[in-house]
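Let me begin by presenting the structure, written as structure tokens, before commenting on it.
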Amino acid sequence: MLGLSKKGNTGVSLVLSSGGARGLAHIGVIEELLTRDFCINSVVGSSMGALVAGLYASGGLENFKNWAVGLSKLEMLSLVDFTLTSRGIIKGEKVFNQMQKLGLIPDINIEDLPIPFAAVAVDIINGKEVVFRSGSLLKAIRASIAIPSVFTPVAHEDGLLIDGGVLSPLPLQHATRSKHDLLVAVDVNSFTPYGKPIARIRRRMEQVDKPKLLKKWDAFNRQHKQPMSGKATQKGVGYLQLLTRSSLLMQAKLTQYAVGESTPDILVPISKDVSTAYEFYRANELIGFGRQRCAEVLDGKGL
């Protein structure tokens, strides 16, 4: 279902935003576009958007989806390198290494992909965007998802590359468009109100005694999830709350600017409150929510 579409009534140049676990909603958007007979002719993304875009362009998105949806909460948490300190920071190398080991991210050059693909990263040493349109797909994705304080930066020429969302959370300006393509953008960091919670997909968790792992996650999530909804108080903003709110505000402003400069034909806004950036074990519902939001937007435009 998520294979490359060679046929379609309408061509699409697809732009996918950063957003951590919320970026799993990009998969649902792609599913809905393909179901409605759109032809995705090019893809570009930042951070998690770059991962999903690269997997789609290389034909590996279906396998990734099946893997992600099949992970239980405990299995997902076992892939997280917790180094919970007073600052509440975690690493993320295990997840990426596991995806490589399973062959979910193919070792291929970008220029050999069947459709144009671009991933955006940021050179923190030289203070500029770096856009990958050729070279190793693995390196491009790894650089683009190098979230500060989570993934280690990637050495590149005379610089160090970090998450593309730092400067370009919705990289509309880097889209490759054919003459009649619609520019379709998905923003999973939107301040769009989020009302009814998603119906949770209940699954039996394995009967494995891992209290320390779960306690670490609960402690981390309490610090990180609190600012995602409701109002913060002056006294109640901790380190992670401050980091999260600052990042979301920055990305919202940068996205607003990008949309003003390169207005997409179709914008699918997905609320920042659907999940934290780290709840990857909610893959099934986040993918479903992305598909639902895309369908609502397309229906509203009569598409």
Side-chain angles (χ1 to χ4, degrees), residues 1-5 12 14-38 40 43-77 79-80 92 95-96 98-99 102 104-105 141 144-145 165 169-170 184-190 192 194-205 225 228 266-299 303:
M1 184 176 182
L2 289 168
L4 290 174
S5 173
V12 164
L14 185 61
V15 182
L16 305 179
S17 77
S18 58
R22 291 187 299 278
L24 290 165
H26 292 317
I27 300 174
V29 171
I30 291 173
E31 286 182 334
E32 188 63 23
L33 288 171
L34 296 180
T35 296
R36 296 189 183 220
D37 205 26
F38 286 91
I40 300 172
V43 282
V44 57
S46 277
S47 196
M48 188 63 183
L51 173 62
V52 173
L55 288 169
Y56 176 74
S58 63
L61 192 54
E62 186 75 41
N63 288 337
F64 173 80
K65 175 193 172 182
N66 292 338
W67 173 72
V69 168
L71 287 175
S72 69
K73 182 175 181 179
L74 283 177
E75 287 172 330
M76 187 71 249
L77 295 183
L79 295 174
V80 177
V95 176
F96 193 80
Q98 182 67 8
M99 286 192 294
L102 294 173
L104 297 175
I105 306 176
I141 293 174
S144 189
I145 66 172
L170 188 64
V184 178
V186 187
D187 174 23
V188 300
N189 301 305
S190 173
T192 302
Y194 173 58
K196 297 179 180 179
I198 305 171
R200 295 274 176 148
I201 306 297
R202 296 184 177 274
R203 275 188 307 194
R204 182 181 64 84
M205 292 180 63
K225 193 170 186 177
M228 301 301 287
I266 299 171
L267 176 63
V268 181
I270 293 175
S271 174
K272 63 181 177 56
D273 293 325
V274 299
S275 79
T276 70
Y278 301 101
E279 294 179 284
F280 288 94
Y281 54 85
R282 292 173 58 194
N284 206 22
E285 60 182 295
L286 290 170
I287 292 168
F289 187 68
R291 185 161 188 170
Q292 174 189 321
R293 287 294 294 125
C294 183
E296 290 169 354
V297 170
L298 294 177
D299 287 345
L303 297 170

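Remember, it's a predicted structure, so these values are computed and weren't measured experimentally.
Considering only heavy atoms from C-beta on, Tyr56 stays 4.5 Å or farther from Leu14 through its side chain. Between Val29 and Glu32, the closest side-chain pair of non-hydrogen atoms is not below 4.5 Å. The shortest side-chain heavy-atom distance between Lys272 and Val188 does not fall under the 4.5 Å cut-off. Side-chain contact between Phe64 and Leu24: present, with at least one pair of heavy atoms (C-beta onward) separated by less than 4.5 Å. In this structure, the side chains of Val43 and Leu16 stay at 4.5 Å or more apart for every pair of heavy atoms. In this structure, the side chains of Val184 and Val15 stay at 4.5 Å or more apart for every pair of heavy atoms. Side-chain contact between Ile27 and Leu61 is present, with heavy atoms from C-beta onward closer than 4.5 Å. Between Leu55 and Ile105, the closest side-chain pair of non-hydrogen atoms falls below 4.5 Å.
With sequence neighbours excluded, no residue forms a side-chain hydrogen bond (donor to acceptor under 3.5 Å, both in side chains) with Ser46. Residues meeting the side chain to side chain contact (heavy atoms under 4.5 Å, CB included) test with Glu296, sequence neighbours left out: Gln292, Arg293. Annotation: side chain to side chain contact (heavy atoms under 4.5 Å, CB included) contacts of Leu303 (sequence neighbours excluded): Phe38, Ile266, Leu298, Lys301. Residues passing the side chain to side chain contact (heavy atoms under 4.5 Å, CB included) test with Ser144 are Ala50, Ala119, sequence neighbours excluded.
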Let me see the working for Gln98 and Trp67 under side chain to side chain contact (heavy atoms under 4.5 Å, CB included), right down to the final yes or no. CA-CA 11 Å; Gln98 182 67 8; Trp67 173 72; 4.1 Å; yes
Output, in order, the C-alpha distance, side-chain angles, deciding distance and verdict of side-chain hydrogen bond (donor to acceptor under 3.5 Å, both in side chains) for Thr35 and Arg291. CA-CA 10 Å; Thr35 296; Arg291 185 161 188 170; 2.7 Å; yes
Trace of the side chain to side chain contact (heavy atoms under 4.5 Å, CB included) decision for Met48 with Ile145: CA-CA 6 Å; Met48 188 63 183; Ile145 66 172; 5.6 Å; no
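Of all non-hydrogen atoms in Ile270 and Ala25, the two that sit nearest each other are CD1-CB, 3.6 Å. Heavy-atom minimum distance, Leu51 versus Met99: CD2-CE, 4.2 Å. For the residue pair Leu267 and Val297, the shortest heavy atom distance occurs at O-CG1, 3.8 Å.
Between the side chain of His26 and the backbone N or O of Ser17 there is at least one donor-acceptor pair closer than 3.5 Å. In this structure, the side chain of Ser47 does not engage the main chain of Gly49 through any donor-acceptor pair within 3.5 Å.
Residues Glu279 and Arg282 are paired through a salt bridge, judged by an N-O separation under 4.0 Å between the basic side chain and the carboxylate.
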